[in-house]
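See structure below.
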Amino acid sequence: MYVGTIRRVENTSVELAGHSLEEIRDQAQAAAPEGFDLVSAPVQMIKGSTELKATATYQRRDGLRDIEADDRAALFAKVPEGWQLVNIRKH
């Protein structure tokens with residue numbers, strides 16, 4: 001028997017602007033939706049300005065649930081559309 005842990009695949013992004021990397025980082029952390037983790041926030045300098053611009057991208061990390069199957073192939077086949085398998089255990 002195999003048990004797999006799955007979670008929903010969901011991303012969201014937000015545009016940020018500030019005058020320092022610290023300000024962008026603080027905004028990115030504050031803007032994180034509940035259940036999401038910040039995965040990237042590349043920063044660009046605005047030509048002719050001291051302002052920085054960034055796109056913060058977050059991925060859902062909550063909502064884990066387990067599925068079971070007799071073998072690995074059956075376990076992979078049970079992963080619903082829009083979900084990803086993040087862990088496999090053999091019982």
Side-chain angles (χ1 to χ4, degrees):
M1 174 68 67
Y2 286 84
V3 177
T5 303
I6 59 174
R7 75 169 166 232
R8 184 174 299 280
V9 176
E10 188 176 347
N11 297 322
T12 188
S13 296
V14 64
E15 298 296 321
L16 307 169
H19 293 284
S20 70
L21 291 175
E22 183 177 279
E23 186 179 349
I24 296 287
R25 184 192 66 229
D26 291 346
Q27 287 181 37
Q29 290 173 342
E34 189 170 328
F36 286 74
D37 286 344
L38 177 65
V39 294
S40 73
V43 176
Q44 298 176 333
M45 295 182 73
I46 306 299
K47 188 174 182 175
S49 173
T50 60
E51 191 172 55
L52 301 172
K53 193 170 87 169
T55 301
T57 302
Y58 308 90
Q59 289 182 342
R60 179 170 290 285
R61 297 292 192 222
D62 65 351
L64 298 175
R65 71 177 201 192
D66 287 339
I67 57 174
E68 297 180 357
D70 292 331
D71 59 45
R72 289 174 61 94
L75 189 66
F76 281 100
K78 283 185 142 184
V79 176
E81 182 73 29
W83 291 72
Q84 72 182 142
L85 187 61
V86 294
N87 187 13
I88 299 174
R89 303 176 303 282
K90 187 173 181 180
H91 282 263

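Note that the coordinates shown come from a computational prediction; the quantities given were computed from them, not determined experimentally.
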Margin query: Could you walk me through whether Asp66 and Arg89 satisfy the side-chain contact (heavy atoms from CB on, under 4.5 Å) test, starting with their C-alpha distance in whole Å, then the side-chain angles of each, then the deciding distance to 0.1 Å, before giving a yes or no?
Written below: CA-CA 10 Å; Asp66 287 339; Arg89 303 176 303 282; 3.2 Å; yes

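- Once rounded to the nearest 0.5 Å, the distance linking NE2 of His19 with CG of Leu52 reads 8.5 Å.
- To the nearest 0.5 Å, atoms OG1 (Thr12) and CD (Gln59) are separated by 11.0 Å.
- When all heavy atoms of Tyr58 and Ala28 are compared, the pair lying nearest together is OH-O, 2.6 Å.
- The shortest side-chain heavy-atom distance between Met1 and Lys90 does not fall under the 4.5 Å cut-off.
- In the hydrophobic clustering of this structure, Tyr2 groups with Phe76; members are Ile, Leu, Val, Met, Phe, Trp, Tyr whose side-chain heavy atoms approach within less than 4.5 Å, directly or through other members.
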Check: Is there a side-chain contact (heavy atoms from CB on, under 4.5 Å) between Ile6 and Arg65 once you walk through the steps?
Finding: CA-CA 6 Å; Ile6 59 174; Arg65 71 177 201 192; 3.5 Å; yes

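- For the pair Ser13 and Thr57, the tightest heavy-atom approach, listed with the atom from each and the gap, is OG-OG1, 3.4 Å.
- In this structure, Trp83 CH2 and Lys78 NZ are separated by 14.5 Å, a value rounded to the nearest 0.5 Å.
- Note on Leu16: it clusters hydrophobically with Leu21, by side-chain heavy-atom contacts below 4.5 Å among ILVMFWY residues.
- In this structure the side chain of Arg61 reaches within 4.5 angstrom of the side chain of Val39, judged on heavy atoms.
- Rounding to the nearest 0.5 Å places CD of Gln44 at 10.5 Å from CD1 of Ile24.
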Note to self: Determine whether Val43 and Lys53 satisfy the following criterion, side-chain contact (heavy atoms from CB on, under 4.5 Å), listing intermediate values before the conclusion.
What the structure shows: CA-CA 6 Å; Val43 176; Lys53 193 170 87 169; over 6 Å; no

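- One distance of note links CG of Leu64 with CZ of Arg8; it measures 12.0 Å at 0.5 Å rounding.
- Minimum heavy-atom separation, Ala17 to Glu51: CB-OE2, 3.7 Å.
- Between Ala41 and Leu38, the shortest heavy-atom distance links the atoms CB-CD1, 4.4 Å.
- Note on Val79 and Leu75: same hydrophobic cluster, where clusters join Ile, Leu, Val, Met, Phe, Trp and Tyr whose side-chain heavy atoms are under 4.5 Å apart, directly or indirectly.
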